[in-house]
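The figures that follow rest on heavy atoms only: side chains count, while hydrogens, waters and symmetry mates do not.
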Number of protein chains: 2
Amino acid sequence: MYACTHSGVVDSWHIGGVSGTRREIPNDPGRKERILDAALEVIAEGGVHKTTHRKIAARAQVPLGSLTYYFDGIDDLLAQAFARLADTMSLLYRQTVQAAESMAEAEEAVVELICGPAYATDREMTLIFEMYAYANHNEAVSATTRAWLERSRDSLALHFTPGVSRALDALIEGWPMHRAFDDAPLDRRLVAETVHAIVSAAPRLSIDTV
Amino acid sequence: MYACTHSGVVDSWHIGGVSGTRREIPNDPGRKERILDAALEVIAEGGVHKTTHRKIAARAQVPLGSLTYYFDGIDDLLAQAFARLADTMSLLYRQTVQAAESMAEAEEAVVELICGPAYATDREMTLIFEMYAYANHNEAVSATTRAWLERSRDSLALHFTPGVSRALDALIEGWPMHRAFDDAPLDRRLVAETVHAIVSAAPRLSIDTV
DNA sequence: TGTAAGTGTGTACGCTCGTACAGACTTTTC
DNA sequence: GAAAAGTCTGTACGAGCGTACACACTTACA
């Protein structure tokens, strides 16, 4: 019986001088993760509404039964896939912001997050749209999304005041969304100047005075 | 045979002195629109991935066969439902912006669009998420979405320069999205001050100088 | 009234879906 | 070597899906 808290731990030991090896990782070490990655690919290609166990299994090159073995149904699988996406994206977000060592660099980092495509490529934007949509109908994914937004704001708070962080975060959310549908590429200078305008207004943003 | 370009036109005429009346509107005048509204309700409740012909038919209180009579499959139905949503929202957006008669009122209109809930309630936000997600996998909905974004920017252009319009539009997109997942309500003063910061920076926004 | 055209629908079909589960397979222990 | 424990999977089943279509119904006109 597979417990969903799969650790992947492998242990070797010696008993009475005899060296034994416990079965080397269930069978296929990274299988669960491979399934989750396959799920994200399938979602990116056809959307959640066309995502099925069979497509995921085929993409991950695992038998159909594997999915019911590792996950408690399709909702659980999707929730864990989106959680994996959120982890990856959050980390990238944080690394980008954290690397900045001055206010100028911090502003530049925000511009980078908005203009990409290092942070969010078309594929990631598609997945994010799917996640947001699905979150409105699934409590686990909703929690994942909230945690993600909170982590984003915390990352910005490394450099900016709370008010500025909220405003910039909204901008980082909204602008790439338009980029996803606009034909024209994003004007990097316009973005930079908008970011600067918000940052410069910090002393006047009310939430910071509370 | 029903042609999907249903006009709803009723015509009376006289031929050779005999007065005739063409059947007064197919049978159930607003049926097609009722089906589309029902579709949006079903989508709002369970998401596109749980939306089916049968649920829509039940919600609209029409027979199942009606849906295949009026629409060329589920993709067509969803596309027209989202087009209806976009029309409604676009109009509301434009009316809100257009009513402003000074720069101060224009800024206030933008704040209103962001903070709602007049413009976008939770239900509408859910539908918008679904539309964006679906647009990435359906050409017709993608076109509808692009047209919507363009109309939004045109509305803003009634009061603001192109650069400011783009920046504000991104903010109007992103901030309500966070509102949809945040526990805390939006701080209206912070929003107002952010909007003002962007508007005030207009002379320095590069796209306006081109 | 009879006929033709057009509008609308109940039913049924073929298909794919999620999921269950008997049992094959692998490793460990005796 | 045999048994036990645990890991994994191929197959099958019931449910629900989109869609087609024969046919009922309504109206227009002869």
Just how far, in rounded Å, is [atom2] of [N] from [atom1] of [X]?
{"X": "B:Tyr69", "N": "D:dA22", "atom1": "OH", "atom2": "P", "value": "17 Å"}
{"X": "B:Leu77", "N": "D:dT19", "atom1": "CG", "atom2": "P", "value": "10 Å"}
{"X": "B:Leu67", "N": "D:dG16", "atom1": "CG", "atom2": "C1'", "value": "16 Å"}
{"X": "A:Leu78", "N": "C:dC17", "atom1": "CG", "atom2": "C1'", "value": "14 Å"}
{"X": "A:Ile35", "N": "D:dT7", "atom1": "CD1", "atom2": "C1'", "value": "13 Å"}
{"X": "B:Lys50", "N": "D:dA15", "atom1": "NZ", "atom2": "C1'", "value": "15 Å"}
{"X": "A:His49", "N": "D:dC17", "atom1": "NE2", "atom2": "P", "value": "15 Å"}
{"X": "B:Ile56", "N": "C:dT9", "atom1": "CD1", "atom2": "C1'", "value": "17 Å"}

May I have all residue pairs that pass side chain to side chain donor-acceptor pair (under 3.5 Å) and include part of residues 53-68 of chain B, sequence neighbours excluded?
B:Arg31-B:Ser66, B:Glu41-B:Arg59, B:Glu45-B:Arg59

Can you check each nucleotide of nucleotides 18-25 of chain C against protein heavy atoms at under 4.0 Å and return B for base, S for sugar-phosphate only, - for none, in 5' to 3' order?
BB------

Can you sort out the partners of A:His159 under ring pair (Phe, Tyr, Trp, His ring centres under 6.0 Å), two or more places apart, ordered by chain and number?
none

Closer than 4.0 Å, any side-chain N/O of A:Ser66 to the OP1 or OP2 of D:dT9?
yes

Hey, what's the ring geometry for A:Tyr132 with B:Phe129, parallel, tilted or perpendicular (30° and 60° as the breaks)?
perpendicular

Tell me, which pairs form a salt bridge (Lys or Arg N to Asp or Glu O under 4.0 Å) where one or both residues lie in residues 121-136 of chain A, sequence neighbours left out?
none

Pairwise salt bridge (Lys or Arg N to Asp or Glu O under 4.0 Å) hits with a residue in residues 174-184 of chain B, at least two apart
A:Arg153-B:Asp182, A:Arg166-B:Asp182

What residues form a salt bridge (Lys or Arg N to Asp or Glu O under 4.0 Å) with B:Glu150, not counting sequence neighbours?
none

